[in-house]
Amino acid sequence: SFMWGTAVAACARAARWEEAVLLHHEMKARGMRPDKVSYSAVITACDRALKWQVAVELLQEMIASGIMPDIRAYNSVLSALARAGNTKLALELFERVKREGLNPTVFTFASLIKCFANNGDWKQALLLLEDMRISGVEPNLVTYNSCISACEQAGRLDVAQNLFNELEVLKIRPDVITYSALISTCEKAGEWRQALAYLEALKASNLKVNEVAYNAAIAACGRGYQWRKAIDLLRELSDTEGLKPDVYSYSSAIAACERSQRWQDAVDLLEEMIQKGLIPNVVCFSSAISACSKAGQWEFAMKLLQRLRDGQGLTPDLIAFNACITGCARSLQWEKALELFDEMVKCGISPDVITFNSLINACARASKVEQAFSLLKKMESSGITPN
RNA sequence: AACGGCAUAUAGUCUACAG
């Protein structure tokens, strides 16, 4: 049983959740009783694969088979819920942990903080930081990194910087994750200069810079309309020993060009990444589509959409369609926009409020008042509330 | 007391109005 549990853990580590679950079931079929460690391991495998429902089921199964989950088993489930964005259930489970008289650990709090971070709720994250001190759990670097990350969505760089300063007071050394989280917070705050300053500080430290930090900085430049700096960083990343640009680097750089109305540069970067042997994903394509759309290059946008349809393992998603519809709208191609709408529905993609806004805009720009109103009706009958 | 299980960072889409 111990051996099987170890095998389950190995599957979890290798990100093979199906095999972990299979092993778990075979174990039971052979009359073995997975212990709490084995259960935690298989739950962790589900966590990595975003299978929170399975994780919750396994916890229930564990209880049903007479094994009392320990705090680490709960932590595994909480992590799965946090990763999947199920804050409500996570909080319920946290209440249960306390009712059971189990002591939450620093791991427990990290998952809960991540839940609030997902929702951009930095205030709740900071309250948890306070709660953990009160309950005698010492915050660590992961706790602080999670809290800094919770400041990102709201762009509360001030709060993030206070947390960073607290680390120094506590004599906790920041790591590359701390810096990346700060850089991303700068991005959302529109502070690209500060983002670059943090990247420089990271490079000057004895920490190892990685792609994530660079990518976050590229995105920060992009949001600040610094497309040239974004591309410079991409080049610098290429030239850095041991690092190489990945799909995130390129998608961020393409998006930077898009924001700065540099559609040709965006498309060039898309081609460049292919030449370098990277496989652009739907995000790279839709960023490039959006770049063309904004520049009135609707035909080019349509061509890129076509490549997305033809590409190996690629299919246009909601955002790709929306971006292309917007391009048609701007170029007064309202009929093409409506065709794209029909196509996406046929593909089983549910249009959202942005889809309808773009379509209505397409009709509006082309003075197709009737069609615009009929879309508004269609929107409401599809259960989408006009904003 | 030890052993197999737990947490943190990066990218894409719309409109009007105001500035």
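Reminder, nothing fancy here: chain letters follow the sequence lines and each chain counts from 1. Worth knowing before you read on, the calculation uses all heavy atoms, side chains too, and leaves out hydrogens, waters and symmetry mates.
- For A:D175 and A:T178, the side-chain atoms include at least one donor-acceptor pair closer than 3.5 Å.
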Base versus backbone protein contacts along nucleotides 13-19 of chain B [heavy-atom cut-off under 4.0 Å; B, S, -]: BBS----
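- Contact annotation: the side chain of A:T326 never approaches that of A:K294 to less than 4.5 Å [non-hydrogen atoms, C-beta and beyond].
- Taking atom OH of A:Y214 as the reference point, atom P of B:U10 lies 19 Å away to the nearest angstrom.
- Contact of A:S251 with B:A11 (side chain to base): a donor-acceptor pair of N or O atoms is detected under 3.5 Å.
- Using a distance-only test at 3.5 Å, with no hydrogens or angles considered, no donor-acceptor pair links the side chain of A:S331 to the main chain of A:Q333.
- Following rounding to the nearest Å, A:D175 (CG) and B:U8 (P) show an atom-to-atom distance of 13 Å.
- Judged by distance alone, the side chains of A:S252 and A:N215 never bring a donor and an acceptor atom under 3.5 Å apart.
- Rounded to a whole Å, the CG atom of A:D246 is 8 Å from the C1' atom of B:U10.
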Distances for protein N or O near nucleotides 2-5 of chain B N or O, under 3.5 Å:
{"from": "B:G4", "atom 1": "N1", "to": "A:D35", "atom 2": "OD2", "distance (Å)": "2.9"}
{"from": "B:G4", "atom 1": "N2", "to": "A:D35", "atom 2": "OD1", "distance (Å)": "3.2"}
{"from": "B:G4", "atom 1": "N2", "to": "A:D35", "atom 2": "OD2", "distance (Å)": "3.2"}
{"from": "B:G5", "atom 1": "O2'", "to": "A:S40", "atom 2": "O", "distance (Å)": "3.4"}
{"from": "B:G5", "atom 1": "O2'", "to": "A:A41", "atom 2": "N", "distance (Å)": "3.4"}
{"from": "B:G5", "atom 1": "N7", "to": "A:R72", "atom 2": "NH1", "distance (Å)": "3.3"}
{"from": "B:G5", "atom 1": "N7", "to": "A:R72", "atom 2": "NH2", "distance (Å)": "3.0"}
{"from": "B:G5", "atom 1": "O6", "to": "A:R72", "atom 2": "NH1", "distance (Å)": "2.9"}
{"from": "B:G5", "atom 1": "N1", "to": "A:D70", "atom 2": "OD2", "distance (Å)": "2.9"}
{"from": "B:G5", "atom 1": "N2", "to": "A:K36", "atom 2": "O", "distance (Å)": "3.4"}
{"from": "B:G5", "atom 1": "N2", "to": "A:S40", "atom 2": "OG", "distance (Å)": "2.5"}
{"from": "B:G5", "atom 1": "N2", "to": "A:D70", "atom 2": "OD1", "distance (Å)": "2.8"}
{"from": "B:G5", "atom 1": "N2", "to": "A:D70", "atom 2": "OD2", "distance (Å)": "3.2"}
{"from": "B:G5", "atom 1": "N3", "to": "A:S40", "atom 2": "OG", "distance (Å)": "2.9"}

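- Taking the side chain as every heavy atom from C-beta outward, A:T185 and A:R156 never approach each other to under 4.5 Å.
- One can place CG of A:N86 at 18 Å from P of B:A7, the figure rounded to the nearest angstrom.
- The base of B:A9 is paired with the side chain of A:S180 by a donor and an acceptor separated by under 3.5 Å.
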Worked verdict on A:E95 versus A:R99 for salt bridge (Lys or Arg N to Asp or Glu O under 4.0 Å): CA-CA 6 Å; A:E95 287 309 314; A:R99 255 186 284 118; 6.0 Å; no
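- Remark: C1' of B:U10 and CG of A:L233 are 13 Å apart, rounded to the nearest angstrom.
- Taking atom CD1 of residue A:I172 and atom C1' of nucleotide B:A7, one finds them 15 Å apart after rounding to whole Å.
- Checking B:C6, B:A11, B:U8 against every side-chain atom of A:I177, the shortest atom distance belongs to B:U8.
- In this entry the distance linking CG of A:L182 with C1' of B:U8 reads 13 Å, nearest Å.
- Side-chain rings of A:F341 and A:F356 approach one another, their centers coming within less than 6.0 Å.
- The side chain of A:K188 places an N or O atom within less than 4.0 Å of a non-bridging phosphate oxygen (OP1 or OP2) of B:A11.
- A:V8 comes within contact range of no nucleotide atom at all, as no heavy-atom separation falls under 4.0 Å.
- Comment: A:E166 engages A:R133 in a salt bridge, judged by a side-chain N to carboxylate O separation of less than 4.0 angstrom.
- A:S287 comes within contact range of the sugar-phosphate backbone alone, with a heavy-atom separation under 4.0 Å but no base atom that close.
- Atom-to-atom, CD of A:Q153 to P of B:A11 comes out at 10 Å; the value is rounded to the nearest Å.
- Between A:Q161 and A:N165, the side chains place no donor N or O within less than 3.5 Å of an acceptor N or O (distance only, hydrogens not considered).
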